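This is a predicted model, so every value here is computed, not measured. Side chains included, hydrogens not; waters and symmetry mates left out as well; all remaining heavy atoms used.
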Amino acid sequence: MAVQYDASAIDMIRMLGCSKPAAGELWEVQMPALLDEFLRLAADQPLFETSDLWTGEPYFFYEDIEERIADDEEYWEENPEEYEEDEYYQFSKIPREQWGEHMPNYLQIASDYGVGCLTYGICEKDLEKEDPPVYCWNEANSIKDWRVLTDTLSVFLGGIVCDVLSGMNYPTAQKVLEKENWTFDNSMCVDMLAQRQIELSRMKKYPSLYGVEGTFYRVCMDAEAGALYLVSNDRELLVICKKTE
């Protein structure tokens, strides 16, 4: 049994069948090679239909600000004094090329699928980094209030994949993968890992991006056997296996 303890998001989805990257010039924006590789594998994959990740082309937050300004300008013109505290109104009075003096721009890559009030992105200044941090913005907060969510993109993507596979909010992954002859077994206890000589403490740890704050996963895989082990909060074990002929 060849256990891979450092399973990355890309390792996991490749084993589960997302192994043919989309080719060609897909994006106009610059992005880290890690994100480009992941999105090419995830493009048009039904596995991510209800995930937080955007599998299309990412775009910058400044574009959203410009769109909001265009939508609201007519209301501002009628009663400008009522909107003096509105941040979008304030930005409308600043030349676009000077916005960077007031807040960074962010390449938006995901948002919470259900409500859509949270947006995740990479700061423009970090796009040349191999594994940059990922920030989160809540639309109820100031448009400048982007906060670090994960220290690295690789951890963020790992959390995305684990959330998808766990089925915490949506059973999409299970339905998709069962059609491809994968089984989902949550009937075994965590103690079973030791019986298979798998060390829980060595399994790669990823955060959940939704659910109760502090929820996390541990994951490892055996690509040769076609098995992925996913543990939620060190208590609940989910074993995903490829059916053998």
Side-chain angles (χ1 to χ4, degrees), residues 9 22 25-40 42-44 48-157 159-160 163 169 207-210 213:
E25 297 292 331
L26 300 183
W27 342 108
E28 295 182 4
V29 300
Q30 174 194 14
M31 67 178 72
L34 171 61
L35 181 61
D36 177 79
E37 182 180 3
F38 189 91
L39 291 181
R40 286 179 181 276
D44 299 321
F48 296 97
E49 186 175 332
T50 55
S51 79
D52 290 349
L53 185 73
W54 299 348
T55 56
E57 181 173 8
Y59 65 95
F60 285 99
F61 187 54
Y62 281 6
E63 294 178 41
D64 278 346
I65 296 178
E66 289 177 319
E67 184 176 332
R68 177 69 175 268
I69 289 172
D71 289 342
D72 290 353
E73 276 181 324
E74 61 179 295
Y75 304 108
W76 296 339
E77 291 174 359
E78 295 175 2
N79 298 292
E81 65 281 354
E82 293 184 14
Y83 299 96
E84 292 179 352
E85 301 301 318
D86 187 303
E87 288 183 299
Y88 293 95
Y89 175 80
Q90 294 169 0
F91 266 72
S92 74
K93 302 303 179 183
I94 303 171
R96 168 68 171 73
E97 58 272 16
Q98 295 178 16
W99 286 0
E101 300 173 12
H102 300 268
M103 66 167 290
N105 200 1
Y106 295 87
L107 182 66
Q108 301 174 112
I109 61 174
S111 61
D112 59 314
Y113 180 80
V115 180
C117 65
L118 300 177
T119 301
Y120 308 104
I122 301 170
C123 190
E124 187 174 29
K125 67 179 177 61
D126 293 331
L127 289 175
E128 294 184 0
K129 294 181 179 179
E130 181 178 341
D131 199 4
V134 174
Y135 290 75
C136 179
W137 173 66
N138 189 316
E139 66 178 14
N141 298 336
S142 165
I143 60 176
K144 302 176 184 179
D145 192 14
W146 286 75
R147 303 182 182 185
V148 174
L149 177 70
T150 61
D151 291 335
T152 61
L153 173 63
S154 56
V155 167
F156 175 82
L157 294 176
I160 286 282
D163 274 337
N169 283 3
S208 172
L209 301 182
Y210 51 65
E213 184 176 353

- Query: Taking only residues two or more places apart in sequence or in another chain, which ones pass salt bridge (charged side-chain N to carboxylate O under 4.0 Å, His left out) with Asp112?
  - Reply: none
- Only counting residues at least two apart or in another chain, list the ones meeting ring-ring contact (aromatic ring centres under 6.0 Å, His included) with Trp27. none
- Message: Suppose we screen for side chain to side chain contact (heavy atoms under 4.5 Å, CB included). Which residues come up paired with Glu130, at least two apart in sequence or across chains?
- Response: none
- Spatial distance of atom CD (Glu57) from atom CD1 (Ile109) [nearest 0.5 Å]: 13.5 Å
- Message: So which atom in Asp86 and which in Tyr88 form the shortest heavy-atom distance, rounded to 0.1 Å?
- Response: OD1-N, 2.7 Å
- Message: If the condition is side-chain hydrogen bond (donor to acceptor under 3.5 Å, both in side chains), which residues does Asn105 pass it with, not counting sequence neighbours?
- Response: none
- Taking only residues two or more places apart in sequence, or in another chain, which ones meet Tyr89 in a ring-ring contact (aromatic ring centres under 6.0 Å, His included)? Trp76
- Residues in side-chain hydrogen bond (donor to acceptor under 3.5 Å, both in side chains) contact with Glu87, at least two apart in sequence or another chain: Ser142
- Message: As a quick check of understanding, evaluate side-chain contact (heavy atoms from CB on, under 4.5 Å) for Gln90 and Lys93, giving each step before the final call.
- Response: CA-CA 5 Å; Gln90 294 169 0; Lys93 302 303 179 183; over 6 Å; no
- Message: Can you confirm whether Gln98 is buried at CD, in the sense that more than 12 heavy atoms of other residues, nucleotides or ligands lie under 6.0 Å from that atom?
- Response: yes
- Across all chains, not counting sequence neighbours, the side chain to side chain contact (heavy atoms under 4.5 Å, CB included) partners of Cys136 are Leu118, Tyr120, Leu149
- Given side-chain contact (heavy atoms from CB on, under 4.5 Å), test Trp146 with Met103 step by step and report yes or no. CA-CA 9 Å; Trp146 286 75; Met103 66 167 290; 4.1 Å; yes
- Item | Ile65 versus Phe91, closest heavy-atom pair with distance | CG2-CB, 4.3 Å
- Measure across Pro132 and Asp126 and return the closest heavy-atom pair with its distance rounded to 0.1 Å. CB-O, 3.5 Å
- For Lys125, what residues pass the side-chain hydrogen bond (donor to acceptor under 3.5 Å, both in side chains) criterion, not counting sequence neighbours? none
- Residues forming a side-chain hydrogen bond (donor to acceptor under 3.5 Å, both in side chains) with Ser111, sequence neighbours excluded: Trp54
- Check side chain to side chain contact (heavy atoms under 4.5 Å, CB included) between Leu26 and all other residues, then give those that pass, not counting sequence neighbours. Ala22, Arg40
- Message: Would the distance check show the side chain of Asp131 and the main-chain N or O of Thr152 forming a donor-acceptor pair, the cut-off being under 3.5 Å?
- Response: no
- Note, Ile94 side chain near Trp99 side chain (heavy atom, < 4.5 Å): yes
- Item | Partner set under side chain to side chain contact (heavy atoms under 4.5 Å, CB included) for Pro104, not counting sequence neighbours | Tyr106, Cys123
- Task: Using a 4.5 Å cut-off on heavy atoms from C-beta on, say whether the side chain of Gln30 contacts that of Glu128.
- Result: yes
- Provide the full list of salt bridge (charged side-chain N to carboxylate O under 4.0 Å, His left out) pairs with a residue in residues 135-147, sequence neighbours left out, each pair given once. Asp145-Arg147
- Query: Is the side chain of Gln108 donor-acceptor paired with the backbone N or O of Thr119 at a distance under 3.5 Å, no angle test?
  - Reply: no
- Atom CG of Asp44 with >12 non-hydrogen neighbours under 6.0 angstrom: no
- Message: With rounding to the nearest 0.5 angstrom, report the CZ to CD distance, Arg96 to Glu66.
- Response: 5.0 Å
- Note on the structure: Only residue of Asp64, Asp71, Asp72 satisfying salt bridge (Lys or Arg N to Asp or Glu O under 4.0 Å) with Arg68 is Asp72
